[in-house]
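Within every chain, numbering begins at 1; the chains are lettered A, B, ... in the order of the sequence lines, protein sequences first and strands thereafter. The model shown is predicted, which means the values in this text are computed figures rather than measured ones.
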2 protein chains.
Amino acid sequence: MTDIDELRSIRAAELYYEEDKTQDEIGTILRLTRWKVGRLLAQAKANGFIRIEIVHPRARRLGIERQLREATGLTDAIVVSTAGVVDELDLHKRTAQAAADYLTALRPVPRTLGISWGRTLYDISVQLKPGWASGVNVVQINGGVSLNARPGTAAATAVSIAQKGAGQFTLLPSPAILERMETKQAIASDRSVAAVLEMGSAASAYLFSAGQADEDSAHVDSGYLTPEQVAELVRKGAVGDVVGRFIDSAGQIVDPALDERTFGIQLEQLRRAKTAIAVIGGPRKHAIARSVVLSGLCTVLITDEDTALALLREP
Amino acid sequence: MTDIDELRSIRAAELYYEEDKTQDEIGTILRLTRWKVGRLLAQAKANGFIRIEIVHPRARRLGIERQLREATGLTDAIVVSTAGVVDELDLHKRTAQAAADYLTALRPVPRTLGISWGRTLYDISVQLKPGWASGVNVVQINGGVSLNARPGTAAATAVSIAQKGAGQFTLLPSPAILERMETKQAIASDRSVAAVLEMGSAASAYLFSAGQADEDSAHVDSGYLTPEQVAELVRKGAVGDVVGRFIDSAGQIVDPALDERTFGIQLEQLRRAKTAIAVIGGPRKHAIARSVVLSGLCTVLITDEDTALALLREP
DNA sequence: GTAGCCGCTGCTCATATGAGCAAGATCTGC
DNA sequence: GCAGATCTTGCTCATATGAGCAGCGGCTAC
C-alpha cells in the first residue's frame, strides 16, 4: 500500500469507527468513491491498524482458543480475555468463572466428577451456581487434608461443588504427601480409602488445576514440603505439580521416591480420561500449563489470554 | 439489561468481531433470531463493552477534537491518538507530524507565518515536506539566540520551514530575555530589529509552542534563567511560558518586570490573531496547555489525547 | 379480575456493505 | 516504444444490517 493510501485509510477509519459515518459519507469528505473507501477500510483492518477489544470480565478470545486447539490437539480450549484486568485476583476470578461456565454447559453431564483441590478449585466452587447440575457425584482424586493453612478448604470445595450440583461428595481422607512410604501403603490398603481411589479412577470427568514449582507453591503453604525441598525439585527439572505430583516440562515425574509417597490417582489415569479439564491461569503458571497440555494430561484447557499466548509462542 | 442478556451480548460480540460471523450465523449458534443478535450487539456497544482503537502514529481522536472545540470555542483542535505510543519521544513526533500536516493543509495559505522556537517547533520543521507551501515568509516572533544548548536551532527551525515552503525567512536577532531593561530598549529601538517585530505583529498566522514552568524549562537549558528563578516564578503562579513570556493559569503575566526584559511580540498580538496555532503536547504540559486555550492565546490547538482529556476534565 | 401500560419480539422494508468482474491505468522487460 | 502482465478503478448485484412498527405478554393499579 502506498504511503498516501495508508494515511487515507487511517482518516477513513477514524470517520467510520469513531464518527459512525457511512462509507458513502466518508467518500464525500475525502473526495473518494465509496468503493475506494471500502477498500481503504479493508486494508486498515488487514494491516492491523484497527484493534477491536471486548472489555468484559466474561469475554473470551475465540481466535486464540481455535489456535490452541489446532496447535495442541486439545478437544476444547477456553481462553479468557485479559482486557481490563486490574490485578491477579481479578484474573483468577475470571478464569474460575469461565471454568464454572464450562462445567455448567458440559454435555454429557458427568455422573462422577473427579476433582483436585486448591485455590483455583475453591474459586470455581464459589462461582458455580446452585443447580448447575442435577445429581453429580463429586470425588476427590488426590489427598488434601491440609496441614497449616485454611484447614478444610479442600473438603469445602468438594462439598460446595456437590451441593450446588444437587449431588453427593466423597472425600479422600489422606494427606497429599505422606512422610513415609509405609504409611502411604497402610492408608492405601484400607478398604474404604481404596474404594474412594477406585471411584476417582472411574470418574466420567476430571476437573483439576496445577501448581507452579516455586516457594509460593501450595505444598509449601500447606506444610507438605519445605521451600528447600521445592528448590531441589526445581533443580531436578520440576515445573509444577498436577494432583500433587511434580512433573518436568515433558510431563515426567521428577522424583519417583516422592511420587511414591504422594496420595491420589496416577497421572496415567488423567491421560487416559475422555474428559480431563485443566484450569491453569496466571503469569507464574506458564511453564506448568505448557507441560500439562503437551504431555496430554488434559483434554480441555481453561486459561487466560497471556498464558495461552505464551503456550502458542512455541508449540 | 438482564444479566443473561449481558452475557449473551458478550458471546455475540466475540463471534461478530473476533470470528467475523454474520448476525444470522450467530443467531443459529446462540439459538436466537438475527434481530435479537443485532440488538445484543447494539447493547454491547452502548454499554461500552466494545472498544475500537485505531493504532497508527497518525491516528487522531475526532470525537475528542469535537468535544474540545465545543467546550472551548477553539476554531480547530487536532488531537493525536496515544494508542501504541512507546515513549515520550514518539508522542512528540506524532504531535509534530500532526502540526506539519495541519500547516500543509491550512487554507488560506499564510503569506507571513510568525513562529516561535524550541524542540517542538524544530520537530515540526523536520516533519514538514519540501513543497508544503509555495512562497511563505517565515518570521521569528520571539528572541531566540540560544546561549548554551544546541546553538542555532532557533534559526535552523525558521530556515527549514521557510526553505521547505519555498519562501523567505526573517530572524529576530536578539536573546529571549535581556539582563537589563535598558539593553532591551536599546535593541528594540534599532530600526532593523523593530522592522522584524513589526513584520511579526502583522503575520497572517502564528505557529508556536509553549513550555512548562519547571527545572526542565527550555529557558533553563538555554541559560536565560536559573532553576531558582523558575522556582520563584512558579511560586508566583507561573504554569509555563508562551513566546518566552511566563503566565499563570489565567493567562496573566506573572512577573511584569521580567516580562519587560523579554523580547518578542506581545501576548495580545496572539490573542487578536485570526489564526494562532498552538502545538502543545506531553504529560508535563497539561497546565500550560489549559492556560493557553482558556486565556484565548490560540485559535487552534494541536495536542495529544492525554493532554486533551485533561483539558476536558475541567473546562 | 381486568383495563391500561410498558417493554420485548419478530417482522417489513430501506439502506449499507462486500464479492466479483470488466475496463482502464500502470508497470516491466526487451 | 510497445506487448504483455499486473494492479487499480468503478461498476452490478447479492447480502448483511439497522430503522421502524404492529402484536404479544407480562406487570401494575385499582
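A salt bridge is defined here as a Lys NZ or Arg NE, NH1 or NH2 lying under 4.0 Å from an Asp or Glu carboxylate O, and A:Arg8 with A:Asp5 meets this definition.
Note that CG of B:Asp101 is 9.0 Å distant from CD1 of B:Ile78, once rounded to the nearest 0.5 Å. Between the CG atom of B:Leu89 and the CZ atom of B:Arg119 there is a distance of 8.0 Å, given to the nearest 0.5 Å. Taking CZ of B:Arg58 as the start and CG of A:Asp3 as the end, the distance is 6.5 Å to the nearest 0.5 Å. The line from CD1 of A:Ile124 to CG of A:Leu207 is 4.5 Å long, rounded to the nearest 0.5 Å. Considering OG1 of B:Thr72 and CG of B:Leu311, their distance stands at 7.0 Å, rounded to 0.5 Å.
Distances shorter than 4.0 Å separate none of the side-chain N or O atoms of A:Gln23 from OP1 or OP2 on C:dT15. Between B:Tyr16 and D:dA16 there is no side-chain polar atom (N or O) within less than 4.0 angstrom of OP1 or OP2.
Atom P of nucleotide C:dC11 and atom CG of B:Asp24 are separated by 12 Å, given to the nearest angstrom. Rounding to whole angstrom units, CG of residue A:Leu15 and P of C:dA16 are separated by 16 Å. Whole-Å rounding puts the B:Lys21 NZ to D:dA16 P distance at 13 Å. One atom, CD of B:Glu25, and another, P of D:dT17, lie 9 Å apart when rounded to the nearest Å. The interatomic distance linking B:Ile26 (CD1) with D:dT17 (C1') rounds to 12 Å, in whole Å. The distance from atom CD1 of B:Ile4 to atom P of C:dC8 is 15 Å, rounded to the nearest whole Å. Between the CG atom of A:Leu40 and the P atom of D:dT8 there is a distance of 12 Å, given to the nearest Å.
Only B:Arg34, B:Arg39, listed by number, bring a heavy atom of residues 30-39 of chain B to less than 4.0 angstrom from any atom of DNA chain D.
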